[in-house]
Amino acid sequence: MKTATTASIHRHLVQLDECIWELPVGAHPGMRVPARIYADDAIVASLRDDLALEQLANVATLPGIVGFALAMPDIHQGYGFPVGAVCATELPDGVISPGGVGYDINCGVRLLTLDVRREELGQRLAPLMTELSRSIPSGTGRGGRLVLKDPLFQRVLREGSSVVVTELGLGTDADVLHTESGGCLQGGDPSHVSSRALERGHDQLGTLGAGNHFIELQRVAQILDPVAAAAFGLSEGQVTALIHTGSRGFGHQVCTDHVRRMLLYLPHAPFTLPDRQLACAPATTAEGREYFAAMACAANFAWANRQVIAHRVRQAVESILGGDHARRVHQVYDVAHNVAKEEEHLGRPVLVQRKGATRAFGPSRSGEFPGDFAAVGQPVFIPGSMGTASWVLAGADGSEERSFGTTCHGAGRALSRTQARRRVTGGELRRQLEADGIEVRCGSAKGLAEEAPFAYKDVDRVVDVVDRVGIARKVARLVPIGVVKG
Amino acid sequence: MDYRFVEHVGEVEVELDASTEAGVFEAAHDALVELIATEAGTEDVTHDIQLEGSDRALLLVDWLNELVFLAEVAHFVPRQVRNMELSDRGLRATVAGHRGDPLHLVKAVTLSRLAFERLDDVWHARVVLDV
């Protein structure tokens, strides 16, 4: 999808360091700040044929943006913002962009540990995977989901995952504590959520969704930072469970509604935008405030969703391994990678908008995450693709200066879905994964092929960049032993 | 009336061509059916859809979003567009299908690279779906 603009932008790209590249102001019309990309040579070269850098340059035009428009090494073309991007707009009047956060508000990942090692799991892996796929629907099935009515549904939207724990008994207080923002983005107001969004979301808690959402059982293959690993409760050979999902149709509708509202605002705005998908308004306008209130509801919905799913994981463990093991399923942490948050960075209040990017606070910000991690930094989880490794990282203090406390969120796609399907069928991929000892549960052969490992960048390479740049530190490498794909 | 999926590394991009504007909307419906339809189902159903708007590109977004909404909340698997009427004020159509388990693949219809225009004698549109 290379265009003349894409080629022109690439000509302006300057390499500042081994893994730091920059598009200066002037590389693209309207840029207010430079764009900075954390990536190695190979990742930058892979961007020549897509619109990611042009999209990043467009982000740099947003009113109120400070510092840089930033991209992580998992950058790829998205809509509006590229995936793997983060920016900060200065409060109070900097803009907030629904398309910048994305339709899957608070898509994120949660990591649980089990008290068994892979070899102890033995032949019980297959029935455990079957039980997980049975009890956690992708969205097409009707089992396993939680149907909420008011006032409980409204409380979830305002208060997040703690409601699922305190009112429904689905999890523990420790789960809530070990969730970014305590599982609640303050300011959620359901009065700014449409009836359509409420209708979509009321029976979707406890569902994965399709596409690249999954639950993966893993084995801790390598510990690189024993101190951080101990703080996170990780040990070599241990079985872990990684949940990747977001706010489902509820969040999708919230974003759809508010993008359209922002479009109505734009003709009256004192600025123009290079891309309608960036439709935005200053945070202090009614449009900006009401979007934030609705987005917070969606973020809280997503945390509640992952809380329900985590409980289903515990239930599956109880069913297959017994109650003692289920009681010792421990939540490491839960991180969001599509969200806008009011934070303070470099001495000023800003609205940080992360689109396929993860908060990665280091020890200097230990007051903002659980005390167990105070000395080592906030946990960050970087899922690879099916069949490849995932990583546990620790946020580093270098992220404060370099990336508004942010790191990457995944491997980042390298191939389109159609390209992936041309290279492998779902059946072939399933056989390959199973030959590697990975149990697969997936209802869609086409969907499986689209998520093939080769469709993604090399996650080891992506993580290597953020470690070298100093924004997050490698802690442990996890390899898959089973995947339930949405 | 034709649709094709175009290479897009992150999402699903669809290009639509038709001899009439209404044909573009029907082609969009057909593209969505290819993405979300499943065979399993119960009774045949129809849904009447009425949307307002004079901007054809945004109306296209609304059209597809409506079908995504019906798929999720009404478990509707669309199959055929009937009685499509386009005017300056918007769109009315009846969509026939069955009640079933459509794939929850399409999260939303984005505004990215959105286009709806006449090129020579052909109506051409482009839309990117978040999946």
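Chain identifiers are assigned alphabetically (A, B, ...) following the order of the sequence lines, protein sequences preceding nucleic acid strands; residue numbering begins at 1 within each chain.
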Test item: A:Arg260 and B:Leu58 side chains (from C-beta on) under 4.5 Å apart, heavy atoms
yes

Minimal non-hydrogen separation, A:His76 against B:Gly10, with atom names:
CE1-CA, 3.7 Å

When heavy-atom pairs shorter than 4.5 Å are enumerated against chain B, which of A:Asp203, A:Val259, A:Asp104, A:Val83 gives the highest number?
A:Asp104

B:Glu43 atom CD: more than 12 heavy-atom contacts under 6.0 Å:
yes

Are more than 12 heavy atoms, taken from residues, nucleotides or ligands other than B:Arg89, located less than 6.0 Å from that residue's CZ atom?
no

A:Gly78 and B:Ser112: which non-hydrogen atoms are nearest, and at how many Å?
O-OG, 4.1 Å

Test side-chain hydrogen bond (donor to acceptor under 3.5 Å, both in side chains) on B:Glu72 and A:Gln204 and set out the steps.
CA-CA 10 Å; B:Glu72 267 194 34; A:Gln204 288 189 333; 2.8 Å; yes

Side chain / backbone / both / neither for A:His202 at chain B, heavy atoms under 4.5 Å
neither

Give me the atom names and distance for the closest heavy-atom approach of B:Ala57 to A:Arg276.
CB-NH2, 4.1 Å

Positions in residues 123-131 of chain B that reach chain A, provided some heavy atom is under 4.5 Å away
B:Asp130, B:Val131

Measure from NZ or CZ of B:Arg113 to the centre of the six-membered ring of A:Tyr79 and say whether it is under 6.0 Å with the direction within 45° of the ring axis.
no

Could you walk me through whether A:Arg417 and B:Phe5 pass the side-chain contact (heavy atoms from CB on, under 4.5 Å) check?
CA-CA 10 Å; A:Arg417 285 169 172 75; B:Phe5 297 108; over 6 Å; no

Proximal component of A:Leu263, with respect to chain B [non-hydrogen, under 4.5 Å]:
side chain

Hey, does A:Leu415 have a side-chain heavy atom less than 4.5 Å from the side chain of B:Val9?
no

For the candidates B:Val68, B:Val61, B:Val73, B:Val106, which exhibits the highest count of non-hydrogen atom pairs separated by less than 4.5 Å from chain A?
B:Val73

Could you list the residues that satisfy salt bridge (Lys or Arg N to Asp or Glu O under 4.0 Å) with A:Lys485, not counting sequence neighbours?
none

Partner residues of A:His337 under the ring pair (Phe, Tyr, Trp, His ring centres under 6.0 Å) criterion, sequence neighbours left out
A:His244, A:His409

So for A:Ala414, is it side chain, backbone, both, or neither that comes closer than 4.5 Å to the heavy atoms of chain B?
backbone

Rounded to the nearest 0.5 Å, how far does NZ of B:Lys107 lie from SG of A:Cys255?
11.0 Å

Residues in salt bridge (Lys or Arg N to Asp or Glu O under 4.0 Å) with A:Arg422, at least two apart?
B:Glu7

For chain B, find which of A:Gln277, A:Glu450, A:Gln253 contributes the most heavy-atom pairs closer than 4.5 angstrom.
A:Gln277

Under a 4.5 Å cutoff for heavy-atom pairs, which residue among A:Arg200, A:Arg413, A:Gln55 has the most contacts with chain B?
A:Arg200

Interface moiety of A:Arg196 toward chain B, non-hydrogen atoms closer than 4.5 Å:
both

